[in-house]
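In what follows, a structure is listed as structure tokens, so that the remarks can point back to it.
In the text below, chain A, chain B and the rest are named by the order of the sequence lines, each starting its count at 1. Keep in mind that the numbers below use all heavy atoms, side chains included, and drop hydrogens, waters and symmetry copies.
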Amino acid sequence: MNIHHILIQELQNILSVCISEMANERGIQPNELPKIEIEKPFNTDHGDYASNIPLRLTKLFKNNPLTLANEIAKKLPCNANSFTVETAAPGFINFKLSENWVRDQINVIIKAGSSYGDLPVGKGTKVMIEFVSVNPTGPAHVGHARGAVLGSALANMMSAAGYSVTREYYINDAGNQMNLFYESVLARYHELHGENYPFPEKGYQGDYVTGIAKLIQETYGSSLLNNNDMLKIAGDFSKGNMLNVISEDLSILGVEFDNWFSEKSLFDSDDYSETISELKTKQYLKEMDNALWFASTLLDDDKDNVIVRTNGEPTYFASDIAYHRNKFVKRKFDRVIDIWGADHQGHISRLKAAMRALHIDDSKLTILISQMVTLKKGDEVVKASKRTGDFITVRDLVDEVGADACRYFFLARSASSQMEFDMELAKKTSNENPVHYIQYAHARITNILNLALEKNLDWQKGDINLLTNVHELKLIKTLIRLPEVVLQVSDSLEPHHMPHYALEVASSAHAFYENCRVISSDPEEEAITLARLHLLEASRIVFKKILDLMGMSAPERM
RNA sequence: GCCCCAGUAACUCAGAGGAUAGAGUGACUGCCUUCUAAGCAGUAGGUCGCAGGUUCGAAUCCUGCCUGGGGUACCA
């Protein structure tokens, strides 16, 4: 039999066929059957993969679980060339991979090369991941860095899983926060010329605001001081400058976008007006206290929300509805994933309600919340205040600890958990730092392969059947789990599984390194040397792929 | 008050119905004449916040409570 790259799916399939037959014999409808789960037992005595399905079928089939397990095991179309099946009390089915099959996977990996781990499951479904979307009123800071890393890594992994992914940044360039920012810059610009100009109450205080004012001064001299268009000119300049800064800062963190979408463009096009009239037609709008409200309570939300203020200005919510309508209706995305900071969590239910109001299936919209980050230096908490402009920017962070460490630490935590980011730890080049553990494994492997090249040792001549050592087999078994992990991440939208898997691969590789000497000066050992080089070539491919998916570098030397 | 997230080893965190609850760090023991010791092997370390419930089986699901964080604007 031919086992597909995603072992778990293949095992699910054969179990499913077998259990359907059994259900049929017992007169049980297929829709009553529970989902078949495959797990990886911690204890290797229980095989490489296992299923608890007999236990879950006990009631339905009115049989003892172990009896069921045996019946299933007997029916399974197993072939000792790939794996064997065993049953265990109280009712598990354990799958043990055959060593020959495991070794053969080395060539499967090498043949696939950098596409190993890529899957067809997404079937080209059009997915948008919208993330970061920091207001261009200031640089991106540490909290945004987490969402940025999450989004970019998730995009990589969903692409690998076969989805057609668009990475988008939503520019909030409409609304009064922008005006406040422009006024702040303009006030600093006037100060530079010794002119009196009121600094707005609740204006933007950061030093970067003065920095932009200085750039404007360099470009325009004093010509804006008495210019009627000074707010528009200074505003456009400031916005452009800020977007450049944000884009460059994200870029050094390894975060890139396919599209930058302007909020303002929703008003310049028909998107906004169409959305409002559609909501009006569908009778979800109402006037109250001289404002226009979206009646989200009609759609099970907990309260209604203002769409157009008393002063005639649309709220952020209004343009966000138009924006999401644009994503689904105009641009026809099959699925949209938004990554928001925890402080926007209250916005979820009303946006979903708005989708329902527009007859858009709100299950196509997934909003992931990236929780708060507490920045620490050792035991000391680094305080941040956006109001005073006193915060650590993405650039500060990357300059201090490096992009790889940033990405690893943000990725390794599940998005829904608040986390601590210890800059001291992330900077350390020692065994305390898991980033180095992983990259070091890659560097060691590459080093051996390079050395082999110098000595004219060709791994392609290596006979993989010589690889019988427990550390060799363990390494291969770990490598071949990559497709499963890609699948897991793309299904669960939880990229944090990848860094944990990366640690396992590194651990297997380091153990192999310690226990299996590769390049030997003894000519009699050349055969095993070549066989091990063959394995290392496959390992190098998998490491590179994992690090690529996480957006981290794969150093050849450390 | 109501809504969301979290509480698991000394620390940072995985595990989200199954077999003996894991990893890294820290502590303690060993291991470098040979491809990188940024490594390996081992020891110690747990009332899975608390209390009920569902189940053959609960860290995992349900209910209540406690603690921490976030939200609950005609801010974004």
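Classification of A/E514 and A/R444 as a salt-bridged pair holds, one side-chain N sitting under 4.0 Å from a carboxylate O. Ion pairing between A/E504 and A/R481 holds under the 4.0 Å rule for side-chain N and carboxylate O. At a threshold of 4.0 Å, the pair A/R356-A/D300 does not count as salt-bridged, since none of the basic side-chain nitrogens sits closer than that to a carboxylate oxygen. In this structure, A/K327 pairs ionically with A/E130, as a charged nitrogen and a carboxylate oxygen lie closer than 4.0 Å. Look at A/D301 and A/R350 and you find no salt bridge, because none of the NZ, NE, NH1 or NH2 atoms lies under 4.0 Å from a carboxylate O.
One P atom belongs to B/G26, the other to B/G39, and the distance between them is 9 Å to the nearest Å. Annotation: B/A23 and B/G46 have their C1' atoms spaced 15 Å apart (nearest Å). Between the C1' atoms of B/G68 and B/G52, the separation comes to 24 Å (whole Å). B/C32 and B/C40 are spaced 11 Å apart, taking the C1' atom of each and rounding to whole Å.
Distance A/Q371 CD to B/G68 C1': 12 Å, rounded to the nearest Å. Whole-Å rounding puts the A/N43 CG to B/A21 P distance at 11 Å. Here B/U20 presents its C1' atom at 14 Å from CD of A/E39, a figure rounded to the nearest Å.
Nucleotide B/C31 is shown with an anti base, its glycosidic torsion being more than 90° from 0.
Of the nucleotides present, B/A6 is the one that pairs with B/U67 by Watson-Crick or G-U wobble criteria, both distances under 3.5 Å.
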Using nucleotides 12-16 of chain B, report all nitrogen or oxygen pairs with the protein that are shorter than 3.5 Å.
{"unit_1": "B/U12", "atom_1": "O2'", "unit_2": "A/R413", "atom_2": "NH2", "d": "2.9"}
{"unit_1": "B/C13", "atom_1": "OP1", "unit_2": "A/E420", "atom_2": "N", "d": "2.7"}
{"unit_1": "B/C13", "atom_1": "O5'", "unit_2": "A/R413", "atom_2": "NE", "d": "3.4"}
{"unit_1": "B/C13", "atom_1": "O2'", "unit_2": "A/R413", "atom_2": "NH1", "d": "3.3"}
{"unit_1": "B/A14", "atom_1": "OP1", "unit_2": "A/S414", "atom_2": "N", "d": "2.6"}
{"unit_1": "B/A14", "atom_1": "OP1", "unit_2": "A/S414", "atom_2": "OG", "d": "3.0"}
{"unit_1": "B/A14", "atom_1": "O3'", "unit_2": "A/H496", "atom_2": "NE2", "d": "3.4"}
{"unit_1": "B/G15", "atom_1": "OP1", "unit_2": "A/H496", "atom_2": "NE2", "d": "2.8"}

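Of the residues near RNA chain B, A/D45 and A/S416, the one whose nearest nucleotide (by heavy atom distance) lies more toward the 5' end is A/S416.
For A/R56, no side-chain nitrogen or oxygen approaches OP1 or OP2 of B/C56 to under 4.0 Å. Between A/Y501 and the phosphate of B/A23, there is no side-chain N or O to OP1/OP2 separation shorter than 4.0 Å.
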Base-contact (B) and sugar-phosphate-only (S) positions in nucleotides 71-76 of chain B, heavy-atom cut-off under 4.0 Å, - elsewhere:
SS-BSB
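Between A/S51 and A/E37 the shortest heavy-atom distance is OG-O, 3.1 Å.
Residues from residues 448-456 of chain A that place a heavy atom under 4.0 Å from any atom of RNA chain B, listed by number: A/I448, A/L451.
Contact annotation for A/D301: no contact, since no heavy-atom pair falls under 4.0 Å across all strands.
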